[in-house]
Amino acid sequence: FMSSVAYPPLQLRCQQIEKQLRQLSLESFAFPRLGSERLIGNADCCQTSVTSLEQLQLWLPLLGTGTEVIPSPLNPQTYWLKLASPTAPLLPYGDAHGYVSSAEILLGLSKGLTSFPGVQAIKLNSNRTALFVQLQDDSESFQLIPTISVNNPEGQRIYSLVPNGRGNWVVSSRLMLSHR
């Protein structure tokens with residue numbers, strides 16, 4: 001006897017969006033490579049507190065291998081992501097000083113999303129930390145926030161970095177990623 005799980009329409013749509021974003025990451029040179037963590041939102045795409053895509057924040061786990069986190073000596077809340085390997089997947093988003101620019105990541109995401117199915121418009125949010133993606137078929141938008149997992153020596157995530165709006169990174173106030 002097999003029971004079928006009835007997923008709410010929003011959860012199904014989120015799973016479809018995740019699959020499309022992962023495919024885009026593999027096919028588009030402009031779009032950053034994704035890490036193995038699940039794309040997860042402010043309500044894991046299935047909680048009753050989020051009833052439409054418009055309210056949804058999707059955290060996009062980027063593949064940060066070959067990088068090193070360095071605290072800024074100028075601001076204790078700011079972090080730099082140093083390119084430590086010539087094969088780092090985030091190398092195309094580096095600045096002239098060898099650091100991954102969160103602004104360049106957002107630009108790459110924006111360029112890559114132009115080939116995302118059903119996208120009507122993409123715009124940077126007002127504090128330049130995420131993208132709003134407007135879909136034609138849903139007449140709704142969702143927010144896409146790039147994130148980098150920072151792991152301890154045992155490989156367990158201890159925190160995540162998100163864009164700070166000025167090209168650098170800041171520690172996320174929420175641990176939103178879960179492993180597959």
Side-chain angles (χ1 to χ4, degrees), residues 17-42 56-116 119 121-133 142-180:
I17 289 170
E18 177 176 3
K19 183 178 179 182
Q20 291 170 325
L21 288 170
R22 289 199 174 280
Q23 192 65 34
L24 186 61
S25 172
L26 296 172
E27 294 174 355
S28 171
F29 291 112
F31 202 84
R33 299 296 158 254
L34 299 183
S36 61
E37 299 95 351
R38 279 192 55 222
L39 222 90
I40 195 163
N42 52 340
L56 189 67
Q57 292 179 336
L58 290 176
W59 292 51
L60 191 66
L62 303 180
L63 186 58
T65 56
T67 62
E68 178 183 334
V69 176
I70 298 175
S72 166
L74 308 174
N75 182 342
Q77 285 79 38
T78 299
Y79 290 84
W80 299 333
L81 197 59
K82 183 173 180 57
L83 290 161
S85 168
T87 60
L90 296 177
L91 189 65
Y93 310 99
D95 63 17
H97 306 286
Y99 292 91
V100 177
S101 166
S102 63
E104 289 296 318
I105 292 285
L106 288 165
L107 182 62
L109 286 171
S110 182
K111 286 179 182 176
L113 283 168
T114 59
S115 62
F116 188 83
V119 166
I122 304 156
K123 66 179 183 177
L124 200 56
N125 69 354
S126 60
N127 58 4
R128 301 185 323 240
T129 58
L131 295 173
F132 282 111
V133 181
F142 60 91
Q143 197 172 146
L144 196 57
I145 303 165
T147 182
I148 306 281
S149 289
V150 179
N151 301 329
N152 65 17
E154 291 78 40
Q156 299 167 319
R157 183 175 34 84
I158 51 177
Y159 59 89
S160 297
L161 297 175
V162 295
N164 73 346
R166 294 179 298 284
N168 294 312
W169 302 87
V170 63
V171 173
S172 165
S173 60
R174 294 159 56 175
L175 294 176
M176 296 300 295
L177 299 177
S178 65
H179 293 281
R180 285 192 183 276

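Since we're looking at a predicted model, the values are computed, not measured.
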Search all heavy atoms of Ser149 against all heavy atoms of Arg157 and return the closest pair with its distance. OG-CD, 3.2 Å
Are the side chain of Asn125 and the backbone of Ala130 linked by a donor-acceptor contact shorter than 3.5 Å? yes
Nearest heavy-atom approach of Leu113 to Val119 is O-CG2, 3.7 Å
Residues 25-34, side-chain donor-acceptor partners within the protein, below 3.5 Å, at least two apart:
| unit_1 | atom_1 | unit_2 | atom_2 | d |
| --- | --- | --- | --- | --- |
| Ser25 | OG | Pro32 | O | 3.1 |
| Ser25 | OG | Leu34 | N | 3.0 |
| Glu27 | OE2 | Gln23 | NE2 | 2.4 |
| Ser28 | OG | Ala30 | N | 3.3 |
| Ser28 | OG | Phe31 | N | 3.4 |
| Arg33 | NE | Ser25 | O | 3.3 |
| Arg33 | NH1 | Ser25 | O | 2.0 |
| Arg33 | NH1 | Ser28 | O | 3.2 |
| Arg33 | NH1 | Phe31 | O | 2.8 |
| Arg33 | NH2 | Ser28 | O | 3.2 |

How many angstroms lie between CG in Asn164 and CG in Asn127, if you round to the nearest 0.5 Å? 10.0 Å
Close side-chain approach of Asn151 and Ile158, heavy atoms under 4.5 Å: no
Is any side-chain heavy atom of Leu131 less than 4.5 Å from a side-chain heavy atom of Ser110? yes
Can you tell if the side chain of Leu144 reaches within under 4.5 Å of the side chain of Leu21, non-hydrogen atoms only? yes
Is there a side-chain contact between Ile105 and Pro163 (heavy atoms, below 4.5 Å)? no
In Å and rounded to the nearest 0.5 Å, what is the CG to OG distance from Leu62 to Ser160? 10.5 Å
Between Tyr93 and Leu81, is any pair of side-chain heavy atoms under 4.5 Å apart? no
If you look at every heavy atom in Trp59 and Pro61, which pair is closest and at what distance? O-CD, 3.2 Å
Let's go through Leu58 and Ile145 carefully: what are the C-alpha distance in whole Å and the side-chain angles of both, what is the deciding distance for side chain to side chain contact (heavy atoms under 4.5 Å, CB included) to 0.1 Å, and is it a yes or a no? CA-CA 6 Å; Leu58 290 176; Ile145 303 165; over 6 Å; no
Go through it in stages, so that I can follow the logic: the residues are Thr129 and Val162, the test is side chain to side chain contact (heavy atoms under 4.5 Å, CB included), and I'd like the CA-CA distance, side-chain angles, deciding distance and then a yes or no. CA-CA 7 Å; Thr129 58; Val162 295; over 6 Å; no
Look up atom CG in Asn168 and atom CD1 in Ile70, then write down how far apart they are to the nearest 0.5 Å. 11.5 Å
Between CG on residue Leu83 and OG on residue Ser101, distance to nearest 0.5 Å: 10.5 Å
Ser115 to Gly112 - nearest heavy-atom pair and separation: OG-O, 3.0 Å
With Trp169, which of Ile148, Val150, Thr147 fulfils side-chain contact (heavy atoms from CB on, under 4.5 Å)? Ile148
Might you work through the side chain to side chain contact (heavy atoms under 4.5 Å, CB included) test for Arg128 and Arg166, ending with a clear yes or no? CA-CA 8 Å; Arg128 301 185 323 240; Arg166 294 179 298 284; 4.1 Å; yes
Quick one: pull up CG in Leu24 and NZ in Lys19 and give me the separation to the nearest 0.5 Å. 14.0 Å
Kindly give the heavy-atom pair with the smallest separation between Pro71 and Tyr79, and that separation in Å. CA-CD2, 3.8 Å
Would you say Phe116 and Ile17 make side-chain contact, with heavy atoms under 4.5 Å? yes
Thr78 side, atom OG1; Leu161 side, atom CG - distance, nearest 0.5 Å: 10.5 Å
